[in-house]
There are 2 protein chains.
Amino acid sequence: MASASVQAYEIIRQEIISGRFPPGHRLIESDLTALCKVSRTPVREALRRLVNEGLAEFSPNHGAQVADPGDEDLEALYELRTLIEGYGAARAATRISEAEIAELEALASQMEALVKKGADHTPEAAGANSRFHRIILEAARSARLLSVAGLVVETPLVLRTLARYSADERDRSMRHHRELIAAFRARDARWAEAVMTGHIKAAFAAIRRDLAQRSPG
Amino acid sequence: MASASVQAYEIIRQEIISGRFPPGHRLIESDLTALCKVSRTPVREALRRLVNEGLAEFSPNHGAQVADPGDEDLEALYELRTLIEGYGAARAATRISEAEIAELEALASQMEALVKKGADHTPEAAGANSRFHRIILEAARSARLLSVAGLVVETPLVLRTLARYSADERDRSMRHHRELIAAFRARDARWAEAVMTGHIKAAFAAIRRDLAQRSPG
DNA sequence: AACAAATTTATTGTATACAAAGTGGGGGGG
DNA sequence: CCCCCCCACTTTGTATACAATAAATTTGTT
């Protein structure tokens with residue numbers, strides 16, 4: 001069984017990402033002990049970690065609350081993502097193993113299958129997409145890069161991008177995945193970086209369009 | 001008075017940065033309670049934070065120990081720094097206030113004065129340099145950028161770069177500071193980014209030279 | 001009725017006690 | 001003599017109790 005603090009972390013994180021804890025929702029330690037069935041000590045650790053990852057905000061003597069992406073400069077967040085994941089893809093191109101490339105292909109196929117079934121808005125698809133990106137970052141072989149990337153990809157907005165795509169955008173995204181794999185096979189760092197950069201820029205464009213559409217004005 | 005957990009954080013961090021806790025040194029919670037005069041609870045919080053910032057490493061049920069920079073890919077660390085601080089400088093160029101520019105000038109002057117006094121290897125000089133970089137990152141007006149930057153600038157190696165410079169390298173660094181200020185005055189994002197990139201590349205070159213010199217093999 | 005001060009209440013911050021897991025050393029068996 | 005297992009000890013993980021701080025409410029006054 002997972003330790004109490006990671007259990008608490010995972011539960012609370014899931015509540016935030018799923019949206020059951022909406023932005024601004026206060027994260028009261030005593031309430032969370034009931035939800036997670038652990039004592040306040042591991043709950044506090046989980047909260048500090050979530051704050052560190054940007055999923056929650058914190059004021060001293062007042063506690064944590066769910067972060068509001070609306071407060072943030074989305075352009076900055078996505079610029080950082082292009083820089084960091086682009087660099088990661090470039091590094092990965094010359095370091096990734098055959099086994100990892102195979103994993104990427106499996107995930108790409110899985111996502112394409114889910115799309116064909118109309119299941120592209122499901123958590124399963126979001127998970128596959130996350131793993132795809134994660135494998136690339138791990139293939140870059142830099143612990144520091146991994147922790148830095150954690151700060152820009154592990155946000156509800158990013159994790160739910162797939163759900164915002166139109167059919168065209170979704171197809172483009174699938175093709176990006178395939179092209180990334182091709183770049184890795186060719187061991188071409190600049191190619192991989194370029195595709196990854198486009199992949200993230202496209203995601204940002206979709207999000208901006210989606211946000212404008214939902215709240216026009 | 002600062003809260004117990006930040007007090008613990010600052011004390012332990014100082015021990016690590018100063019080198020009194022060398023790489024690999026185990027950070028035993030009970031020992032640290034004695035050093036920081038607080039209980040284990042805030043000590044644990046401080047340790048988790050240091051781990052998050054990459055100053056310490058952690059294994060479950062075994063605790064934390066001081067991170068060893070030798071374990072790390074320095075090229076990756078410095079590439080990330082150029083990307084992140086370069087981007088920060090570019091953003092800052094169009095957002096920085098007059099007051100902040102004035103602060104930068106004051107710090108540049110202070111560092112130049114310290115150099116003239118031969119006091120450029122002191123913690124005072126290192127502090128001024130840190131503040132210089134921090135003001136720029138804050139002027140970029142992105143909380144996310146700030147936290148990401150924390151992961152790549154707050155490392156002992158980076159914080160003690162000044163002490164590694166030769167006379168020439170030091171002078172070049174001082175000139176970079178002045179040129180950055182000029183770029184900010186001109187509100188020229190690309191200029192600022194270029195100078196910052198060079199500034200960090202130069203630092204990396206100095207470190208690499210210094211490391212090779214000290215342990216030739 | 002509106003404002004301000006004081007009191008209560010809710011919540012976080014810290015300390016300590018206990019439980020679990022890991023580590024190393026000593027004794028017994030091969 | 002060496003290896004392995006078991007026991008004692010060290011260290012981390014978790015729970016709970018207490019202290020301090022901030023927020024809300026009430027009460028008194030104007």
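Keep in mind that what you see is a predicted model, and the values were worked out from it rather than measured. To find a chain, count down the sequence lines: A is the first, B the second, and so on, and within it residues start at 1. Values reported hereafter were calculated over all heavy atoms of this structure, with side chains retained and with hydrogens, waters and symmetry mates removed.
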Legend entry - Pairs satisfying ring pair (Phe, Tyr, Trp, His ring centres under 6.0 Å), at least one member in residues 46-104 of chain B, at least two apart: B:Tyr78-B:Phe204

Inset, instruction - Would you give a per-nucleotide map of nucleotides 8-18 of chain C, 5' to 3', where B means the base has a protein non-hydrogen atom under 4.0 Å away, S means only the sugar-phosphate does, and - means neither? - result: ---SBBBBBB-

Inset, instruction - Kindly state each residue pair satisfying ring pair (Phe, Tyr, Trp, His ring centres under 6.0 Å) with at least one member in residues 91-113 of chain B, sequence neighbours excluded. - result: none

Inset, instruction - Evaluate whether atom CZ of A:Arg134 has more than 12 neighbouring non-hydrogen atoms of other residues, nucleotides or ligands under 6.0 angstrom away. - result: no

Legend entry - Non-hydrogen atoms of A:Leu162 and A:Ala126 that approach each other most closely: CD2-N, 4.2 Å

Inset, instruction - Using a strict cut-off of less than 4.0 Å between a Lys/Arg side-chain nitrogen and an Asp/Glu carboxylate oxygen, indicate whether B:Arg26 and B:Glu57 qualify as a salt bridge. - result: no

